[in-house]
Colleague: 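Mind looking over this structure? Questions follow.
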Amino acid sequence: MQWETVIGLEIHAQLATRSKIFSSSATAYGAAPNTQANLVDLGYPGVLPVLNGEAVRMAVRFGLSIGARIARHSVFARKNYFYPDLPKGYQISQYELPIVAEGALEIVLDDGTRKRVGITRAHLEEDAGKSLHEGLPGVSGIDLNRAGTPLIEIVSEPDMRSAQEAVAYMKKVHTLVRYLGICDGNMQEGSFRCDANVSVRPKGQEKFGTRAEIKNLNSFRFVEKAINYEVERQIELLESGGKVVQETRLYDPDKGETRSMRSKEEANDYRYFPDPDLLPVVIDDSYIETVRSQLPELPDEKAARFVRDYGLSEYDAGVLTASREFGAFYEDVVQRVGKEPKLCANWVMGDLAAFLNKDNLEIGASKVDAAALAGLVTRIVDATISGKIAKDVFEAMWESGESADAIIEQKGLRQITDTSAIERAIEDVMAKNPGQLADYRSGKDKLFGFFVGQVMKATGGKANPAQLNELLKKKLAG
Amino acid sequence: MAQSLPEPTVAALARGLAAGRYSAVELTRACLARVEAAQPQLNAFITITAEAALAAAAAADAARAAGRAGPLTGVPIAHKDIFCTSDVRTTCGSKMLANFVSPYDATIVSKLAAAGTVNLGKLNMDEFAMGSSNETSHFGPVRNPWDTARVPGGSSGGSAAAVAARIAPAATATDTGGSIRQPAALCGVTGIKPTYGRVSRYGMIAFASSLDQAGLITVSAEDAALLLGAMAGFDPRDSTSVDSPVPDYAAALDAPLAGLRIGLVREFFEKGLDAECEARIREAIAVYEKLGARVQEVSCPNLPLSVPTYYVVAPAECSSNLARFDGVRFGHRCESPRNLTDLYSRSRGEGFGAEVKRRIMTGTYVLSAGYYDAYYLKAQRVRQLISADFARAFESVDLLLGPTSPTTAFEIGAKVDDPITMYLNDIYTIGANLAGLPGMSIPVGFAGGLPVGLQLIGPHFSEARMLNAAHRYQLETDWHLRAPAAFA
Amino acid sequence: MSLNRNDIENIARLARLELAEAEIPVYVDSLTRIFDFVGELDRAPTEGIAPMAHPLPGLAQRLRADEVTEADAHERYQRNAPRVEAGLYLVPKVIE
């Protein structure tokens, strides 16, 4: 039996507003328990919600970036259920009339194929608090700092057919929300969370199979593993005559499996109804146009421009535009060097990226800034140093914070381009290695490399490689 | 009974304070003496804040001495125990909040304090504002000062009883389905429920969010005008608060009524209205005609569906609003909860009274899967029809007049067995809440020795005209000045 | 429409209300009466009529500026909490 996997993702991204969606408490991560929970967040008797305009703007920004229809009239609804991290006994969310309606994103898979993934809707809602269980025997401790943080819930169509596609989509959304400046994408801190709806069906069948929902996957790796495990599980179950139960499951990263959640809400009837404390959110054309005019260049647009203007491959353009900051850094280098965009790209994607990874830094904290890197690349382009030497210079720049020129000067790393100097070095090596010279001249071509190495050694690696090759060939020929 | 207050109305007391005839402290002491004396009989108060009241009165006197007094400085009032008052118990008439000390003030509490009023304490009410007789309070029923074997009406029973017995010159109150107007009628005092959104709901413990409105129970329309001016206005903390300027209600009071077009809602005079009450209503209407108003009949055919509509919408909203009472952050918590479900179910089962539980369950049901369309959506559509009926009526008239309550005050315990019988007390008042319209009740006489109230309903934001109409009637008659002899 | 004991138990569970055994028939009776009463709404002519969520038509939600104006007051707020430890509200263990 051939099986097809069907996946839909629900992503909750915390919006990077200063204050909460319905109250003026701070949203900053990491505060002491309940020190960022005011009366509105605590659901005290008599309090009322007031909508943060920035959350609306961010939602509209997102909607425009996925080509979605923005609802001119959207409504907040109460989702009613009892849970200790939900102080009012209901979550203010959006149900029938979300602020963002149908849109789509294009993803690129590892093999280069492109696929359109539909987005059903995106809506605004408030986050719940947190339950803490560590070191509290028999009880749980509730921290409501997070309660009321604005979320945008992004619901995809069930368009993905593999864990790979799901991860590609999730990464795309992750990049997009950071580009838009609406979410910091910090999965460890919980600002970007993913639930996966997974089902299988016999290949060719139109009807969807029963799906299971896997909650709170907070890394790309976990999403991939959880989906793969779940697909296996469902197929095994169905092939042995069982039925897939529609339920919520959690991924256990230690065991590498998904398991059913103990009935958190039983079969919950959320009793959605429009929140009478909030009026409809009315958005007009001029508001939308203003937000549209403030949109940054989006990742796809930027990547296409890099391909067009800098002659980069699609792959390289994709890597460089993975984040807005990374792309901006690259462009800054290219503008300063004024030429050789591919060389610049190699340096940013190669050595710079490697050092950032090594020290676990984001591009914004790079020890070699764009101006400094541009300085180094310029010295390669004007043949002051070779590409190989440049790698050593870069490392020294990273450690010391000094400029390329300063290090080249200090360490005397200027390339030797003086023809007679190189010739003298070659003659010297030839004289010191008569045996190899004789062997080379009698046909052992491979020894060319030996002579290159010797001359490089003698010149401290500074001989211009191209010139060295040319002159060495001539001299060895006799 | 303790000594009478020097004057019955806020307006007169304010003049007396301004003229130095008595100090705020003296006046407050006099009120407190009456409050204490009447408490065993009426049970109008849940918390009497004597010390704080005297301190506030002293501050008011100091402000006056320093030339900083406003028109309401030093005037004693009391607040319905539904308004959060900082550092003072706010119980909402419920065991659930029996020991709840609010950390903040409701907006209207702050505004009235800023205007210089002195708070005597927190007034008894039906539990969570659910009731029409003040019999569901955890703190015992309130009694009608006109006949203490009878109910004062509800849910603002304490407010109405206190003002009727002249132990507080005025009281704040709330109205979701008639809870200001009906007790005002049953106690022979004046009550006003403003337009939805006119007064802030921030700090007012929510019952049904799209229907609740804060208002006043006073001796006269003039007093209502003075206090409403201080209470009303836009509040950025309340998203349903309307940002439009508050007119000078007092300035508009004396305008002559010649040409005022009054509508009598045919459906209010059909069945269920006590004959004697109807007679008082008709006499009052005759006074309006004498004052120059023109009376015509109007029809609001969907109004008879107000009560069933209300008993879908209000419970739905309250079932959600009361979900926050779970024993976790405040309020009653059961002993030794076995698990989370037990914590919630037992805390709520113990903390809420029967009527509250009944409404929570009704609301939970009408919102639940499979019933939402048939009940909740249906009711909201009927609500639209009812609002449209009123809007159509106001195309040809300026104000609607009619009865407030189908009967005078009934005996305590008489209607507690069948919820529907109790619900029908609000048959005339509920429509205005559904449509968000302002409404008043003013005393217009007696039937069988018990007060009868006349209801006025106006278009949105027509409080000035309504107060004017009520005031002109009160210049012409003196029903509003009658007070029960037992508390003289 | 008539409600039975099962209905009341389900609703009470959804609403987290513990009812005493003796109370249940009382609620069955009163809620049945309420729903009979409310059933009158069926005859209302609501074809093509929109539901009214807010009593004042045509108003739009006000948007608030994105500013933090609250200072930490958790000690004051937690004075009403039945069980608090190290700033956390305590409840029976939440099992996930």
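Below, chains carry the letters A, B, ... as their sequence lines are ordered, and counting in each starts from 1. The basis for the numbers below is simple: all heavy atoms, side chains too, and nothing from hydrogens, waters or symmetry mates.
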Colleague: Roughly how far, to the nearest 0.5 Å, is CD of C:E67 from OG1 of A:T17?
Modeller: 12.5 Å
Colleague: For A:P84 and C:V94, work out which heavy atoms get closest and say how close.
Modeller: CG-CG2, 3.5 Å
Colleague: Measuring heavy-atom distances to chain C, does A:S23 have an atom under 4.5 Å in its side chain, in its backbone, in both, or in neither?
Modeller: backbone
Colleague: With a 6.0 Å cut-off (strictly less than), is the heavy-atom count around OH of A:Y95, excluding the residue itself, greater than 12?
Modeller: no
Colleague: So which residue, C:T69, C:D72, C:L90, C:D66, ends up with the most heavy-atom pairs under 4.5 Å with chain A?
Modeller: C:D66
Colleague: Working to the nearest 0.5 Å, report the span between NZ of A:K20 and CD of C:E70.
Modeller: 9.5 Å
Colleague: Closest approach of C:A60 and A:V282, non-hydrogen atoms and distance?
Modeller: CB-CG2, 3.6 Å
Colleague: Quick one: does A:I142's side chain get under 4.5 Å of C:L88's, heavy atoms only?
Modeller: no
Colleague: Do any of residues 53-60 of chain A have a heavy atom less than 4.5 Å from a heavy atom of chain C, and if so, which, in residue order?
Modeller: A:G53, A:E54, A:V56
Colleague: Can you say whether A:F22 sits under 4.5 Å from chain C via the side chain, the backbone, both, or neither, judging by heavy atoms?
Modeller: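 Backbone only.
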Colleague: Can you find a heavy atom in the side chain of C:R64 that is under 4.5 Å from one in the side chain of A:S19?
Modeller: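 A side-chain contact exists here, since the closest heavy-atom pair is under 4.5 Å.
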Colleague: Applying salt bridge (charged side-chain N to carboxylate O under 4.0 Å, His left out) as the test, list every pair that has at least one member in residues 28-46 of chain C; sequence neighbours left out.
Modeller: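 Every salt bridge (charged side-chain N to carboxylate O under 4.0 Å, His left out) pair that includes a residue of residues 28-46 of chain C, provided the two are not neighbours, is B:D418-C:R33, C:D29-C:R33, C:E40-C:R43.
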Colleague: For the atom pair CD (C:Q61) and CG (A:L278), what is the distance rounded to the nearest 0.5 Å?
Modeller: 5.0 Å
Colleague: Quick one: which residues of residues 143-152 of chain A reach chain C at under 4.5 angstrom, heavy atoms only?
Modeller: A:D143, A:L144
Colleague: Taking all heavy atoms of C:L14 and all of A:F82, pick out the closest pair and write down the distance.
Modeller: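 That would be O-CE1, 3.5 Å.
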Colleague: In the structure I gave you, are the side-chain heavy atoms of A:P280 and C:H54 within less than 4.5 Å of one another anywhere?
Modeller: yes
Colleague: Looking at A:V50 and C:R62, what are the two nearest heavy atoms and their distance?
Modeller: CG1-NH2, 3.6 Å
Colleague: Determine the minimum heavy-atom distance between C:G87 and A:N34, stating which atoms define it.
Modeller: O-ND2, 2.6 Å
Colleague: Between A:D275 and chain C, with a heavy-atom cut-off of 4.5 Å, which part of the residue counts as in contact: side chain, backbone, both or neither?
Modeller: backbone
Colleague: Is C:A15 in contact with chain A via its backbone, its side chain, both, or neither, using a 4.5 Å heavy-atom distance?
Modeller: backbone
Colleague: Chain A contacts: which residues in residues 74-85 of chain C have a non-hydrogen atom closer than 4.5 Å to it?
Modeller: C:H74, C:Y77, C:Q78, C:N80, C:R83, C:E85
Colleague: Quick one: closest heavy-atom pair of A:V139 and C:K93, and the distance?
Modeller: O-NZ, 3.3 Å
Colleague: Quick check for you: among A:P33, A:A37, A:G89, which has the greatest number of heavy-atom pairs under 4.5 Å with chain C?
Modeller: A:P33
